[in-house]
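Note sheet for the following structure.
None of the values given here were measured: they were computed from a predicted structure. Reminder, nothing fancy here: chain letters follow the sequence lines and each chain counts from 1.
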Amino acid sequence: MTPAELSDAVQIAVSAAVQAGELDAEVPREVHLERTRTREHGDYATNIAMQLAKPARKPPREVAEIIAGHLRRASGIEKVAVAGPGFLNITLDSGAAGRLAYQIVVAGTAYGRSETLRKQRINLEFVSANPTGPVHLGHTRWAAVGDSLRRILEAAGADVASEYYINDAGVQMEKFANSLLAAARGLPAPQDGYGGQYIADIAAKILEAAPHLADAPDADALPEFRERGHRLMLAEITGSLEKFGVHYDVWFSERSLHASGRVDEAIATLRTQGHVYDLDGAIWLRTTDFGDDKDRVMVKADGEKTYFAADAAYYLDKRSRGFDTCIYMLGADHHGYIGRLRALASCAGDDPDISVMVLIGQLVKLLQGGEELKMSKRAGTIVTLEDMVDLVGVDAARYTLARSSTDSQLVIDVEEITKQAPENPVYYVQYVAARTFRVAANARDLGIEWSPPESFHPELLTDDREARLLAALGDFPRVVASAAELREPHRIARYMEELAGVYHRFYDGCRILPRGEEEVSDLHRSRLWLNDATRTVISNGLAMLGVSAPERM
RNA sequence: GCGCCUGUAGCUCAGUUGGAUAGAGCGGCACUCUUCUAAAGUGCAUGCCGCAGGUUCGAUUCCUGCCAGGCGCACCA
């Protein structure tokens, strides 16, 4: 029995009570069920009686007793107890509870997937680091969280396109080109330019590919350095992200917006919507009409288009491609963008509550010897995605970055990364994958046959640890759905850590395979089903985080 | 000054429509392997859930104020 089925059963019990005239209240559309902390409180608890107490004008415990009376008649329920201020503690019949394992195994990779976000077309933009330097640790957090979110949204049935916006127009590229040129000439990095070893490396690569640039006049060499440097840097970024398991559906160039005239078009479109005006020689968008702090310049007095103008064109482009919702994942240093992006959507005639969602993530703070290490491309003291992967590997890196809420700053001690690697919770979770695999492999070696459905006897799974495991496994679809709706991948990770603990305790207390001369029993076979179900959930969950489910560790 | 985020165990952090004795991992102490992987399990210790009010039968959760930390407030990108 799944939580959803139980939730329906409770609802039916409530309406039965209402129909019998015992309860004068509206039947709630949803029944909130939660897994209990201890088995003394049964498998699931609901606070429905306390919620209905007020409208029904009866004490909560009395309401609880009434509902319990009806709920006890439902099939698959062994016990209903009224506890505390009016909780209904429900214990499932072990046969009904155990059938969940069968459903999970049959569903396989589909278990946890849903239609919650069906038909929603979502554009998910993340990382979008300037192609003027490597992907640093701050971006890496977005790579891990963003890519996981893409997988989770898809699991919830949304139609998602992940996208990387390449800021390849503007002065940053010129600074980058100047820095490369300086490095190629053996000069120090220009004021306001980029330093760091990667600049010298790229400059050397360019000279290797195009030796004639060594003697070319600066004016001729500069564009070459810019274009070649851009290509090399972007290739490096793409490569790092690919190795990190991050896939993008679209790599979108800012330049292409300017080149195709879409920036001008966007300004014209917004002008016809009536939100554009001219002042002091500049062209403005009146974002203050929609709650922004101040109006935003789209074209400066010198005729240059601002970054925001390109943003506007990019937004309109996304909408024209049919996306209902555009998710922007930005660092905390960009939180001032929320207002203008939402206002931009309003100016374009959209409802920003639907079409724009800005996820602000706090920055990753690096400590080295108790001192904060600033991440700056200019200073050249960057810890990059590649650095972190080299230290701990893709799995641990992705998991570590994705397991915390993006609302909280992440403090990572550079020196502790390596040292703590074996203690990373990712191994605690992955160990479940390895254990479940080994158990099944050993069972096959012993010649145990458990795959036919008739070898599964859910009613034998009566141990508390089996009940806890079943309840935990049953939670997975709800966790995935809420992670998708709230755009919070860390919920998957936290759930899996909990599931891992529950499984380890089951493994420790409930012998799955026969010992020595012991005969193979139905209980062994049934526990193998539970083992398989756990492996299914753990691998599905790890896949959503882009982390492998190893067969051995 | 204004705005956003955060403040929970020694450390890193969970805790969504308010609920039962506030949790996990790591770290500390003490235990458990001749039998499925001990990267595990069991027990113990450590908490004015930043502070003060308010709403409520009930607040870590909601509201207000204050304190502390981070990050922003360009005709930069």
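With RNA chain B read from its 5' end, the first of the two nearest nucleotides for Leu410(A) and Thr38(A) is the one closest to Leu410(A). Between Ala282(A) and Phe506(A), the residue whose closest nucleotide on RNA chain B is further toward the 5' end is Phe506(A).
Atom C1' of G15(B) sits at a distance of 15 Å from the matching atom of G25(B), rounded to the whole Å.
Between Arg435(A) and the phosphate of A38(B), there is a side-chain N or O to OP1/OP2 separation shorter than 4.0 Å. Between Arg515(A) and C36(B), a side-chain N or O to OP1/OP2 separation shorter than 4.0 Å is absent. Contact annotation: Ser408(A) side-chain N/O to A14(B) OP1/OP2 distance is under 4.0 Å. Neither OP1 nor OP2 of C26(B) sits under 4.0 Å from any side-chain N or O of Tyr427(A). The side chain of Tyr507(A) contributes an N or O atom lying less than 4.0 Å from OP1 or OP2 of A38(B).
A donor-acceptor contact under 3.5 Å is formed by the side chain of Asn89(A) with the base of A20(B).
With salt bridges taken as basic N to acidic carboxylate O contacts below 4.0 Å, one links Arg342(A) and Asp353(A). A salt bridge between Arg403(A) and Glu497(A) is present, with a side-chain N of the basic residue lying under 4.0 Å from a carboxylate O of the acidic one. No salt bridge links Glu449(A) with Arg444(A); every basic N to acidic carboxylate O contact stays at or beyond 4.0 Å.
For His335(A), counting side-chain heavy atoms from C-beta on, the closest listed nucleotide (C4(B), A74(B), C75(B)) is C4(B). Looking at the side chain of Ala45(A), the nearest of the listed nucleotides A20(B), A24(B), G70(B) is A20(B). Listed candidates were C36(B), G25(B), A40(B). Nearest to the side chain of Ile512(A) is C36(B). Checking C36(B), C76(B), A39(B) against the side-chain heavy atoms of Arg511(A) singles out C36(B) as nearest. Listed nucleotides: A40(B), A20(B), A14(B). Nearest to the side chain of His504(A): A40(B). The nucleotide whose nearest atom lies closest to any side-chain atom of Leu363(A) is, among C71(B), U6(B), A20(B), C71(B). Residue Lys300(A) places its side chain closer to C76(B) than to any other of U6(B), C76(B), A24(B). In this structure, the nucleotide among A14(B), U35(B), C75(B) sitting nearest to the side chain of His490(A) is A14(B). Distance from the side chain of Ala301(A) is smallest for C75(B) among the nucleotides U17(B), C75(B), G70(B). The Arg494(A) side chain lies nearest to C13(B) when the options are C75(B), C13(B), A74(B).
Within the nucleic acid shown, Asp333(A) comes within 4.0 Å of sugar-phosphate atoms alone, with no base atom in reach, counting heavy atoms only. When heavy atoms are screened at a 4.0 angstrom cut-off, Arg491(A) is found touching base atoms of the nucleic acid. Note on Arg438(A): a base of the nucleic acid sits closer than 4.0 angstrom, heavy atoms only. Across all strands shown, Asp302(A) has no heavy atoms under 4.0 Å from either base or sugar-phosphate atoms. No contact: Asp293(A) has no heavy atom under 4.0 Å from any strand.
Across the strands present, G18(B) finds no partner; the criterion is a Watson-Crick or G-U wobble pair with both atom distances under 3.5 angstrom. Under the Watson-Crick and G-U wobble criteria, each requiring two contacts below 3.5 Å, nucleotide C31(B) is paired to G41(B). Across all strands shown, nothing is found opposite A9(B) as a Watson-Crick or G-U wobble partner with both distances under 3.5 Å. Base-pair partner of C2(B): G72(B) (Watson-Crick or G-U wobble, both distances under 3.5 Å). Judged by Watson-Crick or G-U wobble contacts below 3.5 Å, the nucleotide G65(B) has C51(B) as its partner.
Tyr315(A) is linked by a ring pair (Phe, Tyr, Trp, His ring centres under 6.0 Å) to nothing, counting only residues two or more places apart in sequence or in another chain.
By the rule that a glycosidic angle within 90° of 0 means syn, C33(B) counts as syn.
Remark: the backbone N or O of Ile360(A) is not paired with any side-chain donor or acceptor of Tyr328(A) at under 3.5 angstrom.
Ring to ring, Tyr164(A) and Phe252(A) are not that close: their centroids are 6.0 angstrom or more apart.
We find that the ring of Tyr307(A) and the base of C76(B) do not stack by the test of centres under 5.5 angstrom and planes tilted less than 30°. Residue side chain His41(A) meets the stacking definition with respect to A20(B): its ring centre sits within less than 5.5 angstrom of the base's six-membered ring centre, and the planes differ by less than 30 degrees.
For the side chain to side chain contact (heavy atoms under 4.5 Å, CB included) with Leu6(A), the lone residue among Leu33(A), Thr46(A), Val31(A) that qualifies is Leu33(A).
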